[in-house]
Number of protein chains: 2
Amino acid sequence: MLETSIKEGLQSTGRRMTRTRKAVLALLERTHQPLSASEIFAQLQEEQVAIDLVTVYRTVNVLKELGLVVQLDLYQEGQSRYELKEGRTHHHHIRCQICGRIVDLLLCPLKKLTKLIEKRTQFVVGDHTLEFTGFCPKCQ
Amino acid sequence: MLETSIKEGLQSTGRRMTRTRKAVLALLERTHQPLSASEIFAQLQEEQVAIDLVTVYRTVNVLKELGLVVQLDLYQEGQSRYELKEGRTHHHHIRCQICGRIVDLLLCPLKKLTKLIEKRTQFVVGDHTLEFTGFCPKCQ
DNA sequence: ATTTTATTGCAAGTCTCTTGCAAAAACAAA
DNA sequence: TTTGTTTTTGCAAGAGACTTGCAATAAAAT
Ligand SMILES: [Mn+2]
Ligand SMILES: [Mn+2]
Ligand SMILES: [Zn+2]
Ligand SMILES: [Zn+2]
C-alpha cells in the first residue's frame, strides 16, 4: 500500500504521517491529472477535509523532497502542478489550450540530443523540460 | 537599421516610437542573453536612462505583440525573459545551474515527434517548449 | 500519561506582474 | 511653430502564487 511505504519515507527523515498529508496523498493517488496547490485545496474543501492552503504548499514541497512527487511548470500557467511518481518513469505532457486537459506522453526522445548538445556546447547536461500544447480531440 | 524598421511596425498599429522603447530595444540588441524585466530595468538604471519598471513590462509586451521579441519561461526561474527575434529562427536554450548563463541551441528536433504525438493522442499539436539545464564549461 | 518535537493555521510578507489614472510626450494638423 | 489629439509614462495600488514567523496543536517516543 502506498501510504505505508510513504510513512516509512517520512519517518526515516524525522517526519510524521499526519491527517493532512494522508488527505493530499490520497487525492493525488486517485486523481489522474497533475494538480496545482489551489486545486488540491479546493478539492479537499469540497470533501470536507479541513486544511489550509499553506499546508498544501508545505505538503507538496515535502513530497517533492522525498522524491514522491514531480513538480510540473507548464507553459504560461502561472502555477506549478504536482503528480505522484508511483511507478511511472520520466515522461512529458501535452495540454489542451481550450479545456486544459493534460495528457501524459509516455516517452522521452532526448537521449541522443543530450549527447549532441554536450558535444556542441561543452555543457554537462543535467535536466530538461519538454512540453506541448494543442487542441484535444473534444475541443477541435 | 533595426530601429527604423521597428518604428514602421509600431506606427502601422497606431503606436509611437519613444525614448523608453528605443532604450529597451537598443539594450536587447546589444545584449546577447535573454533578459528579464527587472534586468532590463536595472541595466538601464545603470546607464542613467530614466525608466519605470512598469514601462519595461509594458514595452516587452508591446514588442511581443509586434512579434519582435520572444518570451522565454525557463525552468523554475520565476520570471520571464525576453530576446529579440531579429533574424534568428525558432530554437531552444540551455542554462547553467551555477552561473545562470544561457546559451542558444540552434536546433529543434521535434518535427517527427510532433507527428508521432498527433497520431498517438489525437491532439492537434500547436506549440512546444524545450529547455535544458546543466553545468557550463567554466562552472564544471 | 507525560514529554518531546514536528506540524498546523493564521497573519503577514515577498515577488512578479498588472491595472487605473492624471500628467507628460509624441505625432498630426494648421 | 503653435495647437490639438491620442498614446505613453510614472506613480500608486492591486492581483495572484508562494513563503515565513510564531503560537497552538497533534504525532510519536518514553
Ligand atoms: Mn504525467
Ligand atoms: Mn535564444
Ligand atoms: Zn525527457
Ligand atoms: Zn522547438
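Below, chain A is the first sequence line, B the second, and so on; all start at residue 1.
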Can you work out whether R16(B) or V54(B) has the more 5'-proximal nearest nucleotide on DNA chain D?
R16(B)
Separation of atom [atom1] in [X] from atom [atom2] in [N], rounded to whole Å:
X: L74(A); N: dA17(D); atom1: CG; atom2: C1'; value: 15 Å
X: I6(B); N: dA26(C); atom1: CD1; atom2: P; value: 17 Å
X: I51(A); N: dT25(D); atom1: CD1; atom2: C1'; value: 15 Å
X: F41(A); N: dT19(D); atom1: CZ; atom2: C1'; value: 16 Å
X: R58(A); N: dT20(D); atom1: CZ; atom2: P; value: 10 Å
X: R19(B); N: dT9(D); atom1: CZ; atom2: P; value: 8 Å
X: D52(A); N: dT20(D); atom1: CG; atom2: C1'; value: 13 Å
X: K22(A); N: dA6(C); atom1: NZ; atom2: P; value: 19 Å

From Q140(B) atom CD to Q122(A) atom CD, the distance as rounded to the nearest 0.5 Å:
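Reported to 0.5 Å precision, the distance equals 8.0 Å.
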Looking at [X], does any N or O in its side chain come under 4.0 Å of the phosphate oxygens OP1/OP2 on [N]?
X: T18(A); N: dT8(C); value: yes
X: R21(A); N: dT7(C); value: yes
X: Y57(B); N: dT18(C); value: no
X: N61(A); N: dC18(D); value: no
X: S80(A); N: dC18(D); value: yes
X: Q79(B); N: dC15(C); value: no

Salt-bridge criterion met for E47(B) and R30(B) (N-O under 4.0 Å):
yes
Spell out, yes or no, whether V70(A) and L130(B) are grouped together once hydrophobic residues are joined by side-chain heavy atoms under 4.5 Å, including indirect joins.
no
Linked, directly or transitively: L116(B) and F132(A) (ILVMFWY side chains, under 4.5 Å):
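Yes, L116(B) and F132(A) fall within the same hydrophobic cluster.
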Does a side-chain heavy-atom distance below 4.5 Å link E86(B) with S5(B)?
no
Touch class at under 4.0 angstrom, heavy-atom based, for L53(A) against every strand present
nothing
Take M17(B) and R15(A), find for each the nucleotide of DNA chain C with the closest heavy atom, and name the residue whose nucleotide sits nearer the 5' end.
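Closest to the 5' end, via its nearest nucleotide, is R15(A).
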